[in-house]
Amino acid sequence: MPSPLYRPRRLRELPLLRKMVRETHLKVDDFVYPLFVAHGRGVREPIGSMPGQSRLSVDELLKECKDAASMGIPAVLLFGLPAEKDPRGSEAYAEDGIIQQAVRAVKDTIPDLLVITDVCLCEYTSHGHCGVVEDGRVKNDPTLDLLARTALSHVEAGADLVAPSDMMDGRVAAIREVLDESGYQETPIMAYSAKYASAFYGPFREAADSIPQFGDRRAYQMDPANAMEAMREVALDVDEGADIVMVKPALPYLDVLSRVKAEFGLPVAAYSVSGEYAMIRAAGQLGWLDEEAAMMEALTCIRRAGADIVITYFAKEAARVLERRRP
Ligand code: PBG
């Protein structure tokens, strides 16, 4: 008698059947496309370590946003490059700051595209840290007010969601309070809850000119070795009023992503960061891997691990592939 051997390969033979039993589907609706905005006109300055990405002036940003929206990408995440940096990062919360201008322009021109803003000071501070520096240390509580002001100024300019990425304790509560007091009870917060002190941010720091001028970010961003601590971080942000929580980076932290999704059940975003993008791009350019296949596999696996939302510099390329594969 042959044993009733379970043969998983039975479901792998026929492409149509493989498709029917597929557990995870990547969709263009899952993507958030991060963009860098700079002062000036007609600026499209390529970022060396992120081939295919550029710093854009507002007019060029509008072109990029129209393009993204026409491909079905639902949201962009904006980062700003200020005209000048100072110790308190004042352009971050200036009414006519680069992000505030960009948000107004995008919402005026492409009202259906969701605009998410990164709320942080590091691109705007002369010392390159995410908070106020006193006595050579990044101070938590004096930073909260500046972050809340920044978030409010983004929402006043028309941002649909704000995404604090600074990793100060209590910032979600501080932002929620200011938004609520100002009549923006309905504006969601997407919190960078488990944000690790990662070497994979390298290319971004070149793009955003936000390399810390002394020390590093390990006194506020998380230790890559910790997963239980990520659960505590997420719990705090949820308590403080976060609507969407984020794990960042994505690929080296899929275990964290999966635990966050399982434990909290909230919408979870994963940020596939600049270094992840650069690795796949670089290996692709060298002919060491099939770039498109690696990109689609990485994005699918980030979704499989638990991400509802995938923030990726590959948003447009991946959207094109999905469009091409449509039956
Ligand atoms: C700002 C911020 C960073 C990133 C997103 N928001 C840089 C950092 O924390 O140093 C990184 C994004 C990426 O690498 O793609 N604090």
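Ligands are counted one by one from 1 in listed order, and the atoms in each one are counted from 1 as well.
Note on ring orientation: taking the six-membered ring where Trp is involved, the planes of Phe204 and Phe79 are perpendicular (angle over 60°, cut-offs 30° and 60°).
Close N/O approach between Ser210 and ligand 1 is not found [any backbone or side-chain N/O within under 3.5 Å].
By the 4.0 Å heavy-atom criterion, Lys248 is counted among the residues contacting ligand 1. Not a single heavy atom of Tyr277 sits closer than 4.0 Å to an atom of ligand 1.
Considering every non-hydrogen atom in both Ala174 and Leu144, the closest pair reads CB-CB, 4.1 Å.
Within ligand 1, the atoms closer than 4.0 Å to a non-hydrogen atom of Tyr313 are 12 (C), 13 (C), 15 (O), numbered from 1 in the order shown. Listed by number with element, the atoms of ligand 1 under 4.0 angstrom from any heavy atom of Tyr271 are 12 (C), 15 (O). Distances below 4.0 Å separate heavy atoms of Cys122 from the following atoms of ligand 1: 1 (C), 16 (N). Taking every non-hydrogen atom of Phe79 and a distance limit under 4.0 Å, the qualifying atoms of ligand 1 come out as 5 (C), 6 (N).
The pair Lys195-Glu233 does not meet the salt-bridge criterion, since no charged nitrogen lies less than 4.0 angstrom from a carboxylate oxygen.
Counting only heavy atoms of the protein, atom 10 (O) of ligand 1 lies nearest to Arg205 NE, 2.6 Å. Closest protein heavy atom to atom 12 (C) of ligand 1: Phe204 CD1, 3.4 Å. Looking only at heavy atoms of the protein, atom 14 (O) of ligand 1 is closest to Ser274 OG, 2.7 Å.
The proximity of Cys120 to ligand 1, defined as any non-hydrogen pair under 4.0 Å, is limited to the side chain. Counting heavy atoms under 4.0 Å from ligand 1, residue Asp166 does not touch it at all.
When hydrophobic side chains of Ile, Leu, Val, Met, Phe, Trp and Tyr are connected at separations under 4.5 Å, Val21 ends up clustered with Leu11, Leu14, Leu17, Met20. Hydrophobic cluster membership for Leu286: Trp288 (Ile, Leu, Val, Met, Phe, Trp, Tyr linked by side-chain heavy atoms under 4.5 Å, directly or transitively).
Side-chain rings of Phe31 and Phe314 stay apart, their centers remaining 6.0 Å or farther from each other.
More than 12 heavy-atom neighbours from other residues, nucleotides or ligands sit within 6.0 angstrom of CZ on Arg44.
Listed for the Lys85 side chain is no donor-acceptor partner under 3.5 Å among the backbone atoms of Ser90.
For the side chain to side chain contact (heavy atoms under 4.5 Å, CB included) with Glu323, the lone residue among Arg320, Arg326, Arg325 that qualifies is Arg326.
When the heavy atoms of Gln53, Met246, Lys195, Glu123 are ranked by distance to atom 2 (C) of ligand 1, first place goes to Lys195.
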